[in-house]
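First comes the structure, then the notes that go with it.
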Amino acid sequence: MNERLKTAKGRYWKAQLRCVGTLLMLWFLVSFGAGILLRDWLDVNFPSVGSAPFGFWMAQQGSIIVFVILLIVYAGWMARIEARLDEEGGSR
Amino acid sequence: MSQDAYNYLFIGLSFALYIGIAIRQRAASTQEYYTAGGGVSPFANGMATAADWMSAATFISMAGSLAIGGYDGSRFLMGWTGGFVLLTVLMVPFLRKFGKATVPDFIGDRYYSKAARLVAVICAIFICLTYIMGQMRGVGLVFSQLFGIEIATGVIVGGAIVFFYAGLGGMKGITYTQVAQYCVMAFAYTIPAIFIAIALTNNFIPQLGFIGDYTAGEQAVPFLEKLNKINTDLGFTKYTDGSMAKIDMFCVTAALMCGTAGLPHVIVRFFTVKNVKAVRTSACWTLAFIAVIYLTAPTIGAFSRVNLISNLNEKKYEETPQWFRDFEKTGQMAWVDKNADGKIQYWGAGKSESGKSGKVFEGKPRFHNDERGASGERLLSNQIVTDSPNELYFGNDVMVMANPHMAGLPKWAIALLMAGCIAAALSTAAGLLLVLSTSISHDLMKKIIKPDLSDQEEIKYARLASLGALLVAVWFGINPPSTFVAKTVAFAFGLAASSFFPTLLMGIFSRRMNKEGAIAGMIAGIGFTLSYIIYFQFMGGTPDQYLYDISPEGIGFLGMLINFAVSGLVASFTPAPPPEVTELVDSVRYPGGEETAAQGH
C-alpha cells in the first residue's frame with residue numbers, strides 16, 4: 001500500500017466516523033432526548049402538533065420520520081465520501 | 001358470502017402465492033440457500049427485510065400495547081425503528097464487506113477462535129428460539145381466531161406451514177415470498193386504519209386524524225383530548241402520559257434498539273444484495289417500508305381504544321356485540337361481574353379504593369369448561385383480584401384482530417387482515433428458522449465439527465436443524481414464557497443487545513479487541529440478561545425486586561453495558577490480536593472488492 005493511498009484511507013475512515021457520529025447524535029436527540037427524557041417538558045413548553053403534545057408526538061410519530069430521513073442522508077453522505085476516496089487514489 | 005368463506009378465500013389465495021414463489025425460487029446451492037446468491041435488488045431486499053423484520057409482535061401486538069399503554073407503547077415504536085438506524089450505520093455495511101454468510105462466521109474469523117464461534121452460535125440459537133416462540137404464538141392466535149380452535153392446535157398447524165416453505169426455499173425462496181408478504185401486510189394494516197379514521201375523525205389519512213378532531217360525537221373535539229378524557233374518566237392515567245418509570249422506558253427502548261442491531265436474522269438479510277452501496281440504499285427502502293406500518297400503528301391503537309370502550313363499557317352482557325362473545329370463546333377476552341350489576345365495567349387504578357392497578361384476575365384466563373354465569377358470561381376458575389374494580393379482561397394481542405369488528409368493517413377487510421397477520425408471523429418465522437438452521441449446519445457442523453461436509457449434506461443438515469428448531473418453538477408457542485407476544489419478543493432483543501451488539505461493534509470499531517475479551521463479554525452479557533429474565537419470568541420474582549426499577553424487558557441494556565465493560569477489562573490485560581486480524585478489521589472498514597469476497601465462502 002503506498003503512502004498516498006494510506007492517507008486517503010485514513011481520511012476516509014475519519015470522514016465516515018464524523019458522518020456516523022453526527023447522525024447518531026441526531027438519532028439520540030429525537031428518540032431518547034425528545035421522546036423520553038425531555039418528553040414531559042416538551043409536552044408543556046412546545047407547541048402541539050395538531051392536538052398531540054409535542055413530546056408525545058415525537059415519541060409516536062416524529063422520531064420515526066426523522067429516522068427515515070437520517071438513513072437517506074447517510075446513503076447520500078457516504079456516497080460522497082466514497083467518491084472522494086476514489087478520486088484520491090481509490091481502492092479498486 | 002359468509003365471513004368464513006372470505007377468510008378461506010383470502011388466506012388460500014395468499015398461501016398459493018407464497019408457495020408458488022417458494023417452489024419457483026427453490027434454492028439449488030448453499031450459496032443460494034443462505035444468501036440468495038447475493039444478487040437481490042436493493043428495493044426488493046428492502047421490502048423483504050421489512051417483512052422479515054415486522055413480526056407477529058409488531059403486527060398483532062404492538063397496536064394493542066399502544067391501545068393499553070398509550071404513551072408507554074412508544075418504546076416499541078422508537079425501539080424497533082431506531083434500532084434500524086444503529087444497524088445501518090454501525091453494522092451491516094461492514095459485515096457485508098466482510099462477505100461471509102453468517103454472524104458467527106464474522107465473530108469466528110474476527111476473534112480468530114473456534115470458542116468464540118461456538119459462543120456466537122449458542123447466542124444465535126438462544127436469540128432466534130426466543131424470537132420464534134413469539135411468532136409461533138402469533139400464528140396460533142390467528143388460526144385459533146380463524147377456525148375457532150384452541151391456540152395450541154393453531155400453533156401446530158402454523159408450525160407445519162412454516163416448515164414446509166422455509167426449509168424448502170432457503171433464503172432465495174424466502175426473499176421473494178417476503179416481498180409478496182410485505183404487500184399483503186401493508187394493505188392489511190393500513191386499509192382498516194383508513195376506514196376507522198374516516199369513521200372517527202372524518203379524515204382519510206389516519207396519521208392526520210390521530211392529531212386532528214374526533215368528529216363521531218355530537219361536536220368535534222381534538223381526538224387525543226377526547227381519549228385522555230375517556231381514560232381519566234375511567235380511572236386510567238392520561239393516554240398521552242402513560243405510567244411507566246422513565247428509567248425503565250429508557251432501558252427498554254435502548255435494549256430494543258441495540259437488540260435490533262444485533263439480530264442475526266436481520267443482519268443476514270443484507271448479505272443478499274450486491275455490494276456495500278446497495279446495502280445502504282436497501283436499508284433506506286427497508287426503513288421507509290417499515291415506517292408505513294409503524295406510523296399507522298399508533299393511530300390503530302388509539303382508535304381501537306375509543307371503539308373498545310364505547311362498544312363494551314357499561315354494557316350488559318346480552319347487549320354486547322357478537323365479536324365480544326367470539327373472543328370470549330377463544331379465551332382472549334373475559335368478563336367477571338364483580339359488583340353483580342350485570343354490566344361490564346372497564347376501570348383503571350383511579351377507580352379502585354386501594355389504588356391498585358386494574359387487574360381483573362391473576363394469570364391468564366382458565367375457564368370452567370363452558371359453565372355460564374348469571375348474565376350468560378363464561379365463568380373463570382382464576383383467583384379474582386378483589387381490590388380492583390376492573391371487570392374486563394382482554395389480551396393486548398387481540399386488539400388488532402378485534403379492531404375491524406369493532407369498527408364494523410366489511411367482511412373482505414377482516415379477511416385481508418387475517419391474511420396479513422399470518423403473513424407477518426410466517427415471514428419472520430421463516431427468516432428466523434433459516435438463521436437457526438444455518439447456525440447449526442454451517443457454523444456448528446461444517447466449521448466446527450465436520451469440516452469436510454459437502455454442499456448437499458450441508459443443506460440436508462440445515463433442513464433437519466430447522467425441523468428440530470421448529471418443534472422446540474412450537475412447544476414454547478403453546479407454553480409461552482409470557483402470554484403477550486411482544487413481550488416474549490422483547491426478551492429476544494434483550495439477549496441480542498447483551499451478546500452480539502457489543503461484540504460486533506467492537507469487532508469493527510476496535511482494532512485492539514481480542515478473543516479473550518469478546519468471549520468473556522458475550523458470556524457475561526447474555527448470562528446476566530438470561531438469568532434476570534428467567535428469575536422474573538419463571539421463578540416468581542416480583543416487580544419490587546427489580547434492579548433500579550428496570551423490568552426484564554429492559555435488562556438487555558444493562559447486560560450490554562456489562563458486556564462492554566467485561567470485554568474492555570479482559571482485553572486490556574490479555575495479548576493483542578495477531579496482525580492478520582488487524583488487517584481483517586482494516587479491510588472491512590474500506591470499500592471495494594466485496595463482490596469477490598462474497599464468493600470466497
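Letters A, B, ... mirror the listed sequences (proteins, then strands); counts begin at 1. Bear in mind the structure is a predicted one, so any value in this text is a computation, not a measurement.
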### Query
Between A/W27 and B/F84, is a ring-ring contact (aromatic ring centres under 6.0 Å, His included) present by the stated rule, with each step listed?
CA-CA 11 Å; A/W27 164 85; B/F84 216 83; over 10 Å; no

## Note on the structure
Most heavy-atom pairs under 4.5 Å with chain B, out of A/L37, A/L17, A/V66, A/I65, belong to A/L37

### Query
What is the minimum heavy-atom distance between A/L71 and B/A283, and which atoms define it?
CD1-O, 3.7 Å

#### Entry: Crowding at NZ, B/K246 (>12 non-hydrogen neighbours, <6.0 Å)
yes

### Query
Is chain B contacted by the side chain of A/S63, its backbone, both, or neither, given a heavy-atom distance below 4.5 Å?
side chain

### Message
Between B/S74 and A/R39, is the side-chain contact (heavy atoms from CB on, under 4.5 Å) condition met? List the steps.
### Response
CA-CA 12 Å; B/S74 320; A/R39 197 256 315 166; over 6 Å; no

#### Entry: Toward chain A, the part of B/A254 with a non-hydrogen atom under 4.5 Å
both

### Query
Looking at B/G79, B/G82, B/A291, which has the largest count of heavy-atom pairs under 4.5 Å with chain A?
B/G82

### Query
Are any non-hydrogen side-chain atoms of A/M78 and B/V276 less than 4.5 angstrom apart?
no

### Message
Using the side chain to side chain contact (heavy atoms under 4.5 Å, CB included) criterion, which residues pair with A/M58? Sequence neighbours excluded.
### Response
A/V30, A/A34, A/F54

### Query
Minimum heavy-atom separation for B/V89 to A/V20, with atom names?
O-CG2, 3.8 Å

### Task
Among A/A59, A/A79, A/A75, single out the residue with the greatest number of heavy-atom pairs under 4.5 Å to chain B.
A/A59

### Task
Considering only heavy atoms and a distance below 4.5 Å, find which of B/V279, B/T281, B/L86, B/L66 pairs most often with chain A.
B/L86

### Message
Around atom CZ of B/R512, are there more than 12 heavy atoms from other residues, nucleotides or ligands closer than 6.0 Å?
### Response
yes

### Minimum side-chain heavy-atom gap B/L90-A/L24 below 4.5 Å
yes

### From CG (B/L77) to CZ (A/F67), nearest 0.5 Å
10.0 Å

### Task
Assign the ring pair B/Y71 / A/F56 to parallel, tilted or perpendicular, where the plane angle (0 to 90°) is split at 30° and 60°.
tilted

### Task
Output the distance between atom CZ (B/R589) and atom CD (A/Q16), rounded to the nearest 0.5 Å.
9.0 Å

### Query
Nearest 0.5 Å, what's the CD1-CD1 distance between B/I247 and A/I36?
11.5 Å

### Message
Rounded to the nearest 0.5 Å, what separates atom SG in B/C284 from atom CG in A/L70?
### Response
10.0 Å

### Query
Relative to the ring of B/F250, is the ring of A/F28 parallel (under 30°), tilted (30 to 60°) or perpendicular (over 60°)?
perpendicular

### Query
Checking B/I290 against chain A: side chain, backbone, both or neither under 4.5 Å from a heavy atom?
neither

### Task
State which residues pass side chain to side chain contact (heavy atoms under 4.5 Å, CB included) with B/F204; sequence neighbours excluded, sorted by chain then number.
B/I194, B/I198

